Amino acid sequence: MSKQNKQKDLAVQRKTEVLRKKSEDVINQIIETIPLSYEILSSEESKRLLYELQVQKIELEMQNNELRQKQEELFDLNKRYIDLYNNAPAGYVTLSSEGKIIESNMTFSSLLGLGEQSLSGLPFTGFVFKEDQDIYYLYCKNFSEDAATHLCRLRLEKKDSEPISVSLTSKKSKAHDGKENTCLIINDITEQVKTEEALKAKDRMLLVQARLAIMGEMISMIAHQWRQPLSVISVTVSDLKIKQALEMYEPVYFEEQLDNIEKCTQHMSHTINDFRNFFKDDKNAVMTSSSKLIEGALEIINPIIHDRGVAIRREFLNYEEISTYQNEIKQVLLNILNNALEVISERKIVNPIITIKTYKEADSHKISIQDNAGGIPDSVIDKIFEPYYTTKESYNGTGLGLYMAKIIIDEHCKGSLEVSNLDSGALFTISFKDVIQ
C-alpha cells in the first residue's frame, strides 16, 4: 500500500472515530434523560445491543445530513459550472471522433443564431461555410498529425444572416469510455476581420495613389530625358533643310546626320521601354545585385543628376547576387534619390554630392544613400514615413513616396528602411534579404 493510500485510510478512520464519539455523546445524553428505558431490559446484553443500535442510527442520521449537505453543495457547484459554461464569452463544442457534436454551450448556439436549440448529434462540418470546408478539412488533418497545430480562421453559417468569421482552437481530451474527443474553443472575430479588410483596402488605395504620383514623376523624367534628343533632332533637321535649300547636298554628311537622328530616336524608344518595364508588377523575384539595382535607377535619373551638377560617389563593397523584386527596390531607390536631388536644388547646395554604398551584414544586403544637403529637421524626421506627410513646400508632394517605400522594403523584401542625420546630410539605409530561402 502506498503512503498516500495509508494517509487516506487514516483520515477515514479518524473521521469515523469522531463521528462515533459524537453519536455516543448524543446517546448518553438520551440515557440520562430517560434511564427507565434501559432498566426494563432483561439483560446487560440487550441493553448493550439497544445502545449500539441507537448509536448506529444516530451515526447514519449524521452521515445522511452530511451527504445531503454535500449533495446540495455539488448541485450549486454544478449549476454555477453550467451557467459559466453556457454564458462564457467563447463558444465551446465537444466533438466525437466522428466529428459529431457531443455537447455545446449556449454561446455557440447564439453565434449561429439558433438560440437555445440543442445541437447534440449534428456534424460540426454542417455549420462550416461551404467555401471554407477545405480549410477545416486541412486543419483537422494537420491537427491530428501535428499536435502543435491548434488555431485556424474560417467562416461559419449563421441562420438568416451572413456567415461569421471565427478563430478555432482545438484540444484533444479523453472521454470516460476511453475514446478521444476534440474540444473546440470558438471566438467571433467578424468585426476584427472587417477591420483588417478595411485596412487592406486602405493600403491598396494608398498604393494606387502612390503609383499614380510616381507615374507623374516618371513622366516628368521621361520629358527631361527626351528634351536633349529632341533638341538634337530639331537642330539636325533644320541644318539639313538649310543645306537642301542652298543646294548643298552632301550624301556622306546627310547620311551621318540621318544616322544621328536614328540614334536619338532609338535612345528615346529605349527610355520608353525602361519606364514601361519599371511599372510592371513583379510577379516573380529575379536574381540581381545591389550594384545592378543602383546602376539601373541611376540610368533613369541620370539626366537630372547631370543637369543639376550633382556628383555621384559609388562605394560598392558587395556584388553578391540575391533573389528579390528588382523593380520595387528600384522604385524605392528612385524615390530617395529624387528627394535628395529636390532638397539639393531647393537649398542651393554648392558642390552637391550623393554617396551610395553597398555592403553586407550577416544575411542582409544593405544600400545606404547619403547626401550633403544638411539633413532632415529633428522635429519631423520621425514622421517622414507616415502617409500623406511631406516636407515639400515649394513643389508638389503627395506624402506617399516614403510611406510606400517603407511598405515595399519592410513587407515585400523582408527588410527595413531607416533614416538618420549625419553632419553633412540625411542617410537612408535600405536592408533586404533573399526572398527565396
Side-chain angles (χ1 to χ4, degrees), residues 1-98 100-112 114-122 124 169-187:
M1 184 180 293
S2 66
K3 184 177 179 181
Q4 188 176 8
N5 289 336
K6 287 181 179 179
Q7 289 176 344
K8 287 182 179 179
D9 290 342
L10 288 173
V12 172
Q13 185 177 348
R14 282 195 294 269
K15 186 174 181 180
T16 304
E17 291 174 353
V18 170
L19 193 59
R20 173 80 180 185
K21 180 68 171 60
K22 287 182 179 179
S23 301
E24 288 178 344
D25 290 342
V26 171
I27 197 64
N28 286 332
Q29 291 176 4
I30 294 173
I31 292 172
E32 289 176 0
T33 56
I34 50 170
L36 293 176
S37 62
Y38 286 88
E39 291 176 359
I40 61 174
L41 296 174
S42 60
S43 68
E44 290 296 325
E45 181 64 22
S46 297
K47 292 179 181 179
R48 187 188 65 78
L49 235 118
L50 181 58
Y51 177 84
E52 286 295 330
L53 287 171
Q54 289 180 330
V55 168
Q56 289 180 12
K57 179 184 176 184
I58 293 172
E59 273 189 75
L60 289 172
E61 288 176 351
M62 289 182 174
Q63 288 177 345
N64 190 44
N65 289 334
E66 187 175 350
L67 285 172
R68 190 181 295 110
Q69 183 180 355
K70 292 294 183 184
Q71 187 178 22
E72 290 174 355
E73 290 175 358
L74 284 173
F75 179 81
D76 291 340
L77 188 62
N78 186 56
K79 186 175 181 300
R80 286 200 300 272
Y81 164 75
I82 292 173
D83 289 341
L84 287 172
Y85 179 76
N86 278 323
N87 299 317
Y92 293 117
V93 180
T94 302
L95 302 180
S96 67
S97 56
E98 293 82 19
K100 292 185 178 180
I101 298 174
I102 297 174
E103 63 177 351
S104 61
N105 66 351
M106 295 301 301
T107 304
F108 178 66
S109 298
S110 298
L111 285 177
L112 302 179
L114 300 176
E116 299 182 2
Q117 181 178 334
S118 175
L119 307 178
S120 179
L122 298 176
F124 183 78
T169 306
S170 298
K171 183 180 179 182
K172 295 293 184 183
S173 65
K174 289 286 186 181
H176 297 299
D177 56 4
K179 292 183 178 180
E180 190 175 65
N181 296 333
T182 302
C183 298
L184 303 181
I185 302 174
I186 301 165
N187 288 289

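Source: prediction; values computed, not measured.
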Novice: Can you check whether F108's main-chain N or O pairs, donor with acceptor, with S104's side chain at less than 3.5 Å?
Specialist: no

Novice: About how many Å separate OG of S96 and CG of N181, when rounded to the nearest 0.5 Å?
Specialist: 7.0 Å

Novice: What is the minimum heavy-atom distance between A88 and N105, and which atoms define it?
Specialist: CB-ND2, 4.2 Å

Novice: At what distance, to the nearest 0.5 angstrom, does OG of S170 lie from CG of L184?
Specialist: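 Nearest 0.5 Å value for the OG-CG distance: 4.5 Å.
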
Novice: Calculate, to the nearest 0.5 Å, the distance between atoms SG and CG belonging to C183 and L95 respectively.
Specialist: 8.5 Å

Novice: Just by distance, with hydrogens left out, do K171 and T182 show a side-chain donor and acceptor under 3.5 Å apart?
Specialist: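 Per modelled atom types, K171 and T182 side chains form no pair under 3.5 Å.
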
Novice: Rounded to the nearest 0.5 Å, how far does CD1 of I102 lie from CG of L122?
Specialist: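 With rounding to 0.5 Å, CG (L122) is 13.0 Å from CD1 (I102).
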
Novice: Going from OG1 on T107 to CG on N187, what distance comes out if it is rounded to the nearest 0.5 angstrom?
Specialist: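 Atom-to-atom, T107:OG1 and N187:CG are 10.0 Å apart.
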
Novice: Kindly indicate, with the supporting measurements, whether the criterion side-chain contact (heavy atoms from CB on, under 4.5 Å) is fulfilled by T94 and I101.
Specialist: CA-CA 6 Å; T94 302; I101 298 174; over 6 Å; no

